[in-house]
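Mind looking over this structure? Questions follow.
As the structure is a computational prediction, the values presented were derived from the model and not from experiment. Labels below follow one simple rule: chain letters A, B, ... track the order of the sequence lines, proteins then strands, and each chain is numbered from 1.
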Number of protein chains: 2
Amino acid sequence: MPVDPARSSRRGAAITDISLDGDSFWGRRQTTNADATLAHCLEWMERLGWLENFDRIARGEVTIARAGWQFSDSEIYKLLEAMAWELARRPDDVLARTYDDLVERVAAAQDDDGYLSTAFGHPGLDDRYTDLAMGHELYNIGHLLQAAVARMRTSGPHALVEVARRAADHVCREFGADGRAGICGHPEIEVALAEFGRALGDDRYVEQARLFIDRRGHGSLPVRPLLSAEYFQDDTPVRDADALRGHAVRALYLSAGAVDVAVDGEDRDLLNALERQWARTVERRTYLTGGMGSRHQDEGFGDDWELPADRAYCETCAGVASVMFSWRLFLATGDVVYADLIERTMYNIVATSPSVDGRAFFYANPLQQREPGSTPRAGVNTRAEGGVRAPWFEVSCCPTNIARTMASLPAYFAAVGGDALEVLQYAPGEIRLGGFVLRVETRYPDDGRIRLTVIDAPEGMRTLRLRVPAWARTADVAVSGSAATPVAPGWAEVTRAFTSGDTVDLDLDVTARFTWPDDRIDAVRGTVAVERGPLVLCAESTDLPTGVRLEDVRIDASAALTSDGDGARVAATAIARAASAPSAVPYGARTDAAPGRSFDLTLIPYHRWAERGPSIMRVFLPVATAVR
Amino acid sequence: MPVDPARSSRRGAAITDISLDGDSFWGRRQTTNADATLAHCLEWMERLGWLENFDRIARGEVTIARAGWQFSDSEIYKLLEAMAWELARRPDDVLARTYDDLVERVAAAQDDDGYLSTAFGHPGLDDRYTDLAMGHELYNIGHLLQAAVARMRTSGPHALVEVARRAADHVCREFGADGRAGICGHPEIEVALAEFGRALGDDRYVEQARLFIDRRGHGSLPVRPLLSAEYFQDDTPVRDADALRGHAVRALYLSAGAVDVAVDGEDRDLLNALERQWARTVERRTYLTGGMGSRHQDEGFGDDWELPADRAYCETCAGVASVMFSWRLFLATGDVVYADLIERTMYNIVATSPSVDGRAFFYANPLQQREPGSTPRAGVNTRAEGGVRAPWFEVSCCPTNIARTMASLPAYFAAVGGDALEVLQYAPGEIRLGGFVLRVETRYPDDGRIRLTVIDAPEGMRTLRLRVPAWARTADVAVSGSAATPVAPGWAEVTRAFTSGDTVDLDLDVTARFTWPDDRIDAVRGTVAVERGPLVLCAESTDLPTGVRLEDVRIDASAALTSDGDGARVAATAIARAASAPSAVPYGARTDAAPGRSFDLTLIPYHRWAERGPSIMRVFLPVATAVR
């Protein structure tokens with residue numbers, strides 16, 4: 001499992017504790033990840049010279065013309081992490097050899113004292129740790145440690161683990177209590193050291209993570225032109241902040257590591273601070289999709305209620321990082337709200353980024369696209385800001401982050417708390433955890449009916465807890481054919497002496513529904529969204545009647561939403577307004593709405609947008625009222 | 001005058017043709033500019049070493065640790081331009097000596113072949129023209145030429161003009177038809193060369209400007225990480241574009257230069273293209289304030305209808321550049337719409353940036369501030385993004401742009417078209433133009449009554465045209481005490497044989513009014529703004545009753561706006577809602593609006609916001625309707 005704190009309210013599933021049916025929402029994505037995405041990432045990194053960087057260091061070459069950004073090493077490590085999870089999920093000799101070869105190339109570049117970087121500290125490059133703010137040296141090492149954790153927790157010892165241990169020891173020597181009091185501009189080393197320490201049973205690493213967390217927020221990073229201390233979360237100590245701020249991925253990785261430190265150190269104040277920050281951030285700085293990061297500028301969080309649909313950044317990596325943060329808070333507290341956000345983020349960010357073939361990705365995940373995206377030149381999209389998934393980006397952090405998340409997905413699906421098995425996310429397959437063996441049958445999220453059949457169960461009275469999502473307006477549960485009982489959002493709890501053949505049926509109402517944004521979110525005032533189960537839906541120009549432009553479409557929210565037979569296709573009653581007459585400036589006296597004709601507006605899952613080519617898209621749809 | 005095309009529909013005023021009364025809206029600002037801003041800019045540039053850069057080049061020092069950005073030279077040139085206009089407006093020996101000293105330091109840094117740069121081409125620096133995309137070498141020279149034009153057109157020959165001539169000749173040799181086919185990443189050289197050529201009567205310079213315009217849009221600038229060809233307007237040739245796009249100041253300077261080239265070359269197609277682009281940009285990509293640039297990211301224009309209030313960039317320099325573009329189109333066509341936009345921009349961007357004391361400035365001019373700004377550390381504000389005016393910025397292009405605009409302001413106030421004198425902007429003072437001498441009396445914009453008294457007039461039948469702004473719901477004109485006649489927006493035209501003592505009274509209705517945004521502007525749907533005459537108003541937290549937060553304020557747009565005696569203080573009927581209860585996520589089922597209490601919401605001119613300390617501010621105010 002990716003996260004395994006010693007002292008925690010819950011213990012998560014190991015990825016081998018749950019197997020997903022191949023022909024299911026997540027099962028298909030895991031297969032695509034294994035069959036296409038891993039090789040795709042490797043090909044690109046080989047082609048761009050990011051792997052050759054290691055070879056050149058190993059050969060002692062002067063590497064002035066180094067390929068890639070200063071954080072490119074981390075992409076290889078994230079891929080190694082993905083491969084380790086995948087090798088546990090579905091062993092494969094070819095993949096195992098590729099993995100070994102990669103590790104060998106990485107290991108050859110390590111210095112005798114454990115330092116490992118292809119961007120600093122070697123002939124032709126700047127000296128070690130001369131740019132803590134943007135150098136990403138510790139960030140890279142962090143991803144190396146996470147890759148090693150994945151290996152240790154699945155197939156056991158490996159050369160990579162030794163490389164990681166030497167790198168971690170180097171970090172502790174260099175940045176320990178008696179070393180230089182620095183921090184890395186991009187958090188990641190903290191969460192990685194904590195888990196590496198847990199995996200190796202060595203508290204030194206967790207302690208080093210605590211040092212990094214405590215040092216942060218005192219303005220120690222040098223000021224950079226046009227970047228603020230807030231960007232680096234170096235403006236305010238972690239335990240004193242009110243909400244997440246600055247660069248979103250940085251803030252979320254940092255928060256995840258801070259939870260680890262709080263839990264292992266039994267630091268209740270710090271944990272409380274992180275729970276408060278999570279709550280405030282989710283209430284006021286988070287998109288309907290679970291996406292975080294309102295600003296392209298600095299890839300950062302915005303102010304409270306600053307949630308523009310069109311310029312939503314919602315970086316895919318921030319979605320991954322949000323899952324990491326929420327998962328750690330869930331393990332620490334057992335509060336179901338964290339699993340609710342994980343579901344929202346999984347279905348609407350993590351599932352949105354990769355293309356069906358697993359060879360192209362969104363970097364940013366806006367909730368509105370005003371102009372159709374253009375196909376990236378030469379395969380590389382400058383920012384992959386939306387509109388068209390791109391095979392690779394200039395800053396190509398998302399593909400490997402998707403890869404490692406997809407490969408380790410079931411880790412977030414169930415947990416054990418005390419005597420109880422808790423099922424958090426619903427996918428068909430088998431759960432072998434907490435003494436239970438359960439068969440899960442469902443067409444979720446297309447259908448809200450989930451059946452758990454007990455194949456094996458521990459002796460005596462036990463509890464099975466099923467998460468009832470906050471979005472479910474009605475839900476009921478039935479045990480072994482008994483009458484269904486309504487259950488409220490939170491936990492549906494079944495306590496009994498389970499025996500083989502017992503069934504638990506959970507029925508969640510996934511009928512399409514209107515969702516209204518808080519009126520303080522200026523950017524989407526006067527609009528409504530449509531959701532179906534955990535899925536955010538959207539309107540895409542691809543589905544519009546000829547001659548209708550999305551900017552002229554208004555929703556009749558007084559009319560019911562309709563669905564076809566299996567609910568996969570949802571439609572809203574809409575009005576296509578006549579185009580407005582041109583005006584000198586778009587501000588003036590109040591005018592009546594232009595007349596319009598009514599039509600059925602098709603809505604599709606947001607995660608499927610732009611699959612049929614570049615399009616105009618909206619999640620939040622203006623409602624029909626008078627205009628100006 | 002700053003712009004004096006040989007072939008044009010109109011001829012603008014020279015700045016000495018119009019004098020403004022000192023105790024007036026713009027007169028006070030001109031005085032502050034002369035008495036405070038010029039010295040303020042000089043002090044900062046001396047302190048930061050931007051002037052020392054020239055001295056070091058002159059001394060032949062190796063300048064590896066050069067101070068400032070690669071475009072810092074341009075700030076000295078913009079200040080020289082401002083000083084030249086100011087010396088013409090109000091001669092001053094001390095200022096004249098300061099000017100001469102500055103020019104001497106600049107001149108000493110010029111190479112024998114005319115090249116002039118403190119950032120390239122000398123020991124310790126990169127070679128000349130090795131970074132056309134971001135080096136700004138030609139951009140800097142452009143501002144040097146504009147400074148020289150200001151000197152030539154006011155006090156005549158000067159050492160600076162010779163420095164500029166040698167620099168311009170160098171540019172023509174280096175980048176001429178037989179030279180390197182490069183362009184500068186930041187347009188400016190084009191508009192500068194055109195005017196320099198006009199001022200010297202030398203077509204070579206205008207021809208060089210034409211070459212630069214024609215070369216642009218073919219992707220010749222090297223691709224930069226994370227910057228697109230669109231950022232540089234190098235994606236599409238000027239004559240083929242539909243709307244302004246990319247970096248706003250770049251786009252607007254380029255467009256201004258393209259108008260010059262079109263006019264001097266009688267290139268009707270190019271002029272038509274620019275008029276189309278202006279119309280589209282103003283209709284769909286321009287703020288109520290006249291501000292341009294919707295994105296912090298790349299300081300750029302957004303897509304059509306992408307006009308967020310909170311993240312509006314609306315750089316002050318883009319406001320200045322927009323005035324430059326519109327003014328050239330007005331001179332070319334005589335269309336009053338261009339003067340309308342100039343007024344909107346002058347009162348709501350140009351007047352907003354500087355503080356009352358002329359020693360602090362806004363860089364960005366958002367229409368909503370969600371959190372109070374913080375006072376800049378050590379006087380320098382990283383971005384001066386709003387909330388607090390800052391004495392100087394990291395990229396401090398706006399202070400000197402304000403300085404040169406304030407010093408040359410009356411140039412945009414009147415013009416001659418054929419036999420007619422056209423008065424475009426209203427300010428008390430004297431106009432001596434087209435054979436007329438007119439005394440202007442008005443308290444505009446506080447009051448809409450403007451009286452023009454003829455002191456002297458040319459013989460025979462003549463026409464006086466007065467601009468009636470598009471915002472004026474009613475307006476009338478009365479000649480020498482005759483009955484007032486209603487006039488529509490556009491021109492109020494009076495043709496007669498004028499004699500001394502004749503009066504023309506224009507009365508514009510400046511009563512406060514609600515202004516509704518086009519319903520396609522998503523970011524401000526469900527809101528209304530208030531304007532009064534040419535002034536955009538705003539609500540500032542400073543004026544709220546105790547305990548009321550601006551995020552909970554809703555406007556009752558069915559109630560009339562009220563004004564006190566002299567109209568300076570406007571109030572709207574508003575409702576202060578009770579604060580919402582916290583929620584897990586800010587999306588859910590529809591709820592009724594929280595109850596609220598009614599109160600009078602004070603509105604002040606936008607250009608005065610943040611004068612009383614950091615505040616929360618909104619221009620677009622949500623109207624009271626049901627929420628979710």
Check your understanding: Atom OG1 in A:Thr286, atom OH in B:Tyr587: separation rounded to 0.5 Å?
Key ->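 One finds 7.0 Å between OG1 of A:Thr286 and OH of B:Tyr587.
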
**Study point:** Candidate pair A:Arg276 and A:Asp242, rule salt bridge (Lys or Arg N to Asp or Glu O under 4.0 Å), full reasoning
**Key:** CA-CA 7 Å; A:Arg276 272 200 320 273; A:Asp242 295 322; 5.7 Å; no

Review point. What distance do B:Met617 atom CE and B:Tyr606 atom OH have between them, rounded to the nearest 0.5 Å?
Key: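 Rounded to the nearest 0.5 Å, the CE-OH separation comes to 5.0 Å.
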
**Study point:** Which atoms of B:Gln368 approach chain A - backbone, side chain, both or neither, heavy atom under 4.5 Å
**Key:**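 Answer is side chain: those atoms of B:Gln368 sit under 4.5 Å from chain A.
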
Review point. Of the backbone (N, CA, C, O) and the side chain (C-beta and beyond), which part of B:Ile521 lies under 4.5 Å from a heavy atom of chain A, both, or neither?
Key: side chain

Check your understanding: Is it the side chain or the backbone of B:Trp69 that comes within 4.5 Å of chain A heavy atoms, both, or neither?
Key ->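 For B:Trp69, side-chain heavy atoms alone lie under 4.5 Å from chain A.
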
Point to revise | Toward chain A, the part of B:Asp340 with a non-hydrogen atom under 4.5 Å | key: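 B:Asp340 has no heavy atom closer than 4.5 Å to chain A.
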
Practice item. Determine the option with the most heavy-atom pairs under 4.5 angstrom with chain A, choosing from B:Trp305, B:Phe620, B:Phe514, B:Trp471. Key: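 Going by pairs under 4.5 Å, I would pick B:Trp305.
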
**Study point:** Proximity breakdown for B:Ser294 and chain A, heavy-atom pairs closer than 4.5 Å
**Key:**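 Contact with chain A: none, neither part.
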
Review point. Where does B:Arg344 contact chain A at under 4.5 Å (heavy atoms): side chain, backbone, both or neither?
Key: side chain

Check your understanding: Atom OG1 of A:Thr289 and atom CG of A:Leu535: how far apart are they, to the nearest 0.5 Å?
Key -> 12.5 Å

Practice item. Applying side-chain contact (heavy atoms from CB on, under 4.5 Å) between B:Phe301 and each of B:Arg285, B:His247, B:Arg284, report the one that passes. Key: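 Checked B:Arg285, B:His247, B:Arg284 against B:Phe301; only one passes side-chain contact (heavy atoms from CB on, under 4.5 Å): B:Arg285.
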
Exercise for review: Inspect the contact between B:Arg520 and A:Glu551 and indicate whether a charged nitrogen and a carboxylate oxygen are less than 4.0 angstrom apart.
Suggested key: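 Counted as a salt bridge, because a side-chain N and a carboxylate O are separated by less than 4.0 Å.
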
Review point. Based on non-hydrogen pairs under 4.5 Å, which of A:Gly526, A:Pro582, A:Ala279, A:Gly302 is most in contact with chain B?
Key: A:Pro582

**Study point:** No-hydrogen, no-angle side-chain donor-acceptor test under 3.5 Å, B:Tyr363 and B:Glu394
**Key:** no

**Study point:** Per-residue contact mode, B:Leu307 against chain A (heavy atom under 4.5 angstrom)
**Key:** side chain

**Study point:** Heavy-atom contact with chain A under 4.5 Å, split by part of B:Val282
**Key:** both

Exercise for review: Without swapping roles, check the side chain of B:Asp303 against the backbone of A:Arg370 for a donor-acceptor pair under 3.5 Å.
Suggested key: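 Pair absent, no side-chain N/O of B:Asp303 close to backbone of A:Arg370.
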
Practice item. Select one option (side chain, backbone, both, neither) describing which atoms of A:Arg513 are under 4.5 Å from chain B's heavy atoms. Key: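 It is neither, since no heavy atom gets under 4.5 Å.
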
